[in-house]
Structure formats: C-alpha cells, structure tokens
2 protein chains.
Amino acid sequence: MTSKEKASPRDRLLDAAARLTYRDGVSIGIEALCREAGVSKRSMYQLFDSKDEMLAASLERRMPAYQARLSHPDPAAATPRESILYVFEQVEKGSVEPEYHGCPYLAVLVEVKNPGHPASVVAREAKDFLLSAFREAAERGGARDPGLLARQLLLVFDGASARAGAGVEHLDDGLATATATALLDAAGVH
Amino acid sequence: MTSKEKASPRDRLLDAAARLTYRDGVSIGIEALCREAGVSKRSMYQLFDSKDEMLAASLERRMPAYQARLSHPDPAAATPRESILYVFEQVEKGSVEPEYHGCPYLAVLVEVKNPGHPASVVAREAKDFLLSAFREAAERGGARDPGLLARQLLLVFDGASARAGAGVEHLDDGLATATATALLDAAGVH
DNA sequence: CAGGCTATACACCGATCGGTGTCCTTCGCG
DNA sequence: CGCGAAGGACACCGATCGGTGTATAGCCTG
C-alpha cells in the first residue's frame, strides 16, 4: 500500500486519455488510448459506458489540478489584482513548454461541436469556474463592473491560450499579463 | 452564360467543404462532402490531390470574403480607431446568427494539431492578415506600441470568436467592442 | 479449496475512413 | 459526324472507427 503500487486501470486510462486527447485531439481512437494506458479495450468498456463518457471523466479528473494551477498559492495574502494577474502569469509560464497546446477545456469546446457531449459539459464547468474566480476577485478589487471585467479577462485568457496553443503567438514577453493589466486599470481595480 | 448557370463542380465542392467543415469540424468525411456538393468522389480526386488540399483550397477561397467582411466599407473616411472597432462590431454582429461557430480559421488551427497541414498554413495566413491590419491601423492611430496593441487586439478577437462560437459567451451586449475600446484607450489611440 | 471478481487476449461486428479502378454517359468542338 | 475530355455511378481497397462476445488467467476472500 506504499507509493510503489501500480496505478489502477481506471487511473491509467484517465491519464492516458488526458495526455493523448490533449496532444492529438478528441478524435484519437480508443484503441490507441488503451494501448497507451496498458489496459485492454474490454476493461475500459467495463469501467466506462462509452468513449465520450471516459473523455468526460478524464477532463473532470484534471479539474482540481487545473484550478490549483491557476489559483494563487496564498489566497489570503494576495490582493485581488495579484490573484487575477497570477492566472495570466501561469498561462505565460505554461505556454513556454514545448508540449503546450492551450487550455484543454477550450480545445474540447472548439473541437466538439455538439454542446450536449459529456466532455463539453465538463469543459463548460471549467470555464465557469474561471469566470466566477475572476468575478469574485473583480468585486473584491472594487471594479466598476465586476461581471463585465470577468468576461473581458476570460476573452483574453481564452484568446491567449488558443493562439499560444496553436503556435501563432508567443506569450513569453508578458503579452497576456500586459493585456490583463490594461483591462484591470480601465476597470478601476487598484 | 448568364447567372442562371450552375456552378462548376470545383466551386460546389469548395463551398460544400467550407460549409460542412465549419459546421461539423475538419473530421467530416469526404463522402459527405461530395454528397453535399453533388459531385462524385472520382471527380473530386481529379480536381484535388487529397482531402487536405481541398480543405486548404476551400479556406483560401473564403479569405477575400472574410477580409472584406472585417474591413471598414470606407477605409479612406474611417479613422484608425473606427477601422479597428469595426472588426469587433462585425464579430458581434455575426455571433448573433444561429449558425455562428466562431472564426473558421481559428477553429482549424485548434482542430488540426499538425502545423504543417495545408489547411493550417492557410489559416495562419488569415490570422497574419488581421494582425497586419491591426498593426497598420494602430500605427496610424498613434499607438504607443502598435505591435503590442495589434497582438492584444488579436487576443481579444480570437478569444471572443472562440468563446462565442463555442456557445459559452454572448457578444450581443458589445463585450468585444468594449474590451477593444479599453485597449485602444490604454494604448493612446485617439 | 472453491467461488467470484477483475482484467486480459483476441476475434469479431457493421460502419466509415481516405483513396482508387473501371466503366459509361454526356457534351463541346473541330 | 466523330472524337476526346469531363464527370458520374459504383464497386472496391486496406485501415480504422466505436463497441461487443467469449474464453481464460490471476487473485482475493469465504
């Protein structure tokens, strides 16, 4: 029961699904997923009802890490402005890595056209979380229109992650934080 | 030779490809494309070397209309600020339509992971055009850093089109123009 | 030890994928 | 009229798609 134990088939599947769909898109085949996870196709269909459900479960599993990554390590000490800018700093930091392909939840929302797809539902949850976090910080920061500012910041966040992920933009010079800063100033967040 | 003539198989294919790939994604099958266009699969492979090449040709064909749609109707009379804001007004206007799914070029860049894909190359051209247009207007408008402002505006543009296309945001209240305006003001564009 | 659960291996299903080979009709043009 | 190019109809290719049926091996627990 130590850390030496091998991960369960379920976890291996979820991890493999997260990695491969992020790299190759949601159209990756389940055969390749199972091969990567070292799990038989039969086992996978006993753990999940369909490929779509497994994809959704994989996205859901990554959500806590996703949220933690974008949340300021010391929420009590951070000012609202610092909390917001921290999100964009994290995007810029991540975009430098060679395996970066943008926000996985946005990618799913763009790739999967059907809004009722289980994965789309989870992806929207991830986006709603960010919107709420921005909005709450905007309120605390005294923004003139917290709801508007939060939506503006999400525009920049998704635009930055989509463009950096597609390789048509590089954020390493602080483009995202600079843009967010301009919006914060315009909204009167001190 | 009047307008009553039927469009050529090539044009019908290109139009069908643009419509279906925009609606269903690039993973749409060529069988469905040909059926929609009313063109035999054999004819298509005599006009194009592969599905990828046809997809690229389809995107290229739509570029003039795409650029015209985002360009101010009277470039001589429009101020730089007006030219820039016109782009975002057009996005907001388009996003209201039920068949809107965001900027097709950004969608292709997100869906197609391979940057060497013919369609990706064309999509990057479309994005480069917008960047240049923004930058040129920013210069004329006396922006402090025209290159930076242009990239910021593109972040907002792609973020807005991606989010509106995915159905997680509605731009009908002027969110995009409001955000662009804040950036224009911050950059000192009068 | 026996029973039951978990997971594997592997063949198989119909459907679709991108792409091709073959034959036949239609039509413009000399 | 006759010829050649364009295009359509349709079968076919191997590969892969998501998903299932079946039989077997390991393992924990009663």
Side-chain angles (χ1 to χ4, degrees), chain A residues 1-2 4-59 108 111-114 116-122, chain B residues 1-2 4-59 108 111-114 116-122:
Chain A
M1 12 189 100
T2 70
K4 207 169 185 315
E5 286 198 39
K6 206 166 66 171
S8 75
R10 185 170 197 275
D11 290 349
R12 275 182 286 151
L13 269 172
L14 259 22
D15 288 347
R19 286 220 338 276
L20 290 192
T21 59
Y22 182 58
R23 197 188 59 186
D24 302 335
V26 297
S27 59
I28 181 75
I30 53 170
E31 215 108 20
L33 286 182
C34 291
R35 198 182 326 123
E36 175 87 1
V39 174
S40 74
K41 200 159 43 153
R42 207 72 193 84
S43 300
M44 160 195 159
Y45 276 105
Q46 246 147 287
L47 292 166
F48 304 97
D49 289 345
S50 65
K51 179 198 175 186
D52 293 352
E53 295 292 346
M54 189 195 61
L55 219 168
S58 150
L59 289 180
V108 163
E111 288 179 40
V112 179
K113 312 297 182 180
N114 171 17
H117 192 294
S120 286
V121 177
V122 177
Chain B
M1 14 196 96
T2 71
K4 204 170 186 313
E5 285 197 38
K6 207 165 65 171
S8 74
R10 185 169 197 275
D11 289 351
R12 275 182 286 151
L13 270 172
L14 258 23
D15 288 348
R19 284 218 341 274
L20 290 193
T21 60
Y22 181 59
R23 197 189 58 187
D24 302 333
V26 298
S27 60
I28 180 76
I30 52 171
E31 215 108 24
L33 286 183
C34 291
R35 198 182 325 122
E36 175 87 359
V39 173
S40 75
K41 201 160 43 154
R42 206 74 196 83
S43 300
M44 165 202 155
Y45 275 105
Q46 249 148 289
L47 291 167
F48 304 98
D49 289 344
S50 67
K51 178 198 177 187
D52 292 351
E53 294 292 344
M54 189 194 63
L55 220 167
S58 149
L59 289 179
V108 163
E111 288 179 41
V112 179
K113 312 296 182 181
N114 171 18
H117 192 294
S120 286
V121 177
V122 177

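Since we're looking at a predicted model, the values are computed, not measured.
- Atom CZ of R35(B) is separated from atom P of dG8(D) by 15 Å (rounded to the nearest Å).
- Proximity of S40(A) to the phosphate of dT8(C): a side-chain N or O atom is located under 4.0 Å from OP1 or OP2.
- dT20(C) atom C1' lies 14 Å from atom CG of D49(B), rounded to whole Å.
- For K41(A), the side-chain atoms get nearest to dT20(D) when compared with the rest of dC17(C), dT20(D), dT8(C).
- Here I28(B) lies in heavy-atom contact (under 4.0 Å) with sugar-phosphate atoms only.
- Separating the CZ atom of R12(B) from the C1' atom of dA6(D) is a distance of 12 Å, rounded to the nearest angstrom.
- Among the protein residues, S27(B) comes within range of no part of the nucleic acid, since none of its heavy atoms lies under 4.0 Å from any strand.
- Within the 4.5 Å cutoff, the side chain of L33(B) has heavy atoms near those of the M54(B) side chain.
- Between M44(A) and E31(A), the residue anchored closer to the 5' end of DNA chain C is M44(A), taking for each the nucleotide with the nearest heavy atom.
- The residue among G29(A) and R42(A) whose nearest nucleotide of DNA chain D lies closer to the 5′ end is G29(A).
- Between Y45(A) and dT20(D), a side-chain N or O to OP1/OP2 separation shorter than 4.0 Å is absent.
- One atom, CD of Q46(B), and another, P of dG4(D), lie 17 Å apart when rounded to the nearest Å.
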Derivation of the side chain to side chain contact (heavy atoms under 4.5 Å, CB included) call for K41(A) and E31(A): CA-CA 7 Å; K41(A) 200 159 43 153; E31(A) 215 108 20; 3.4 Å; yes
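- Using a distance-only test at 3.5 Å, with no hydrogens or angles considered, a donor-acceptor pair links the side chain of K51(B) to the main chain of I28(B).
- Rounded to a whole Å, the CG atom of L33(A) is 15 Å from the P atom of dT16(D).
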Worked check of side chain to side chain contact (heavy atoms under 4.5 Å, CB included) between H117(A) and V26(A): CA-CA 12 Å; H117(A) 192 294; V26(A) 297; over 6 Å; no
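- Of the possible donor and acceptor atoms, one in the side chain of S120(A) sits under 3.5 Å from a partner among the backbone N and O of N114(A).
- Rounded to whole Å, the distance from CG on L47(A) to P on dA7(C) is 6 Å.
- In this structure, CZ of F48(A) is placed 15 Å from P of dT20(D), rounded to the nearest angstrom.
- Protein atom NZ of K51(A) is 19 Å distant from nucleotide atom P of dA15(C), rounded to whole Å.
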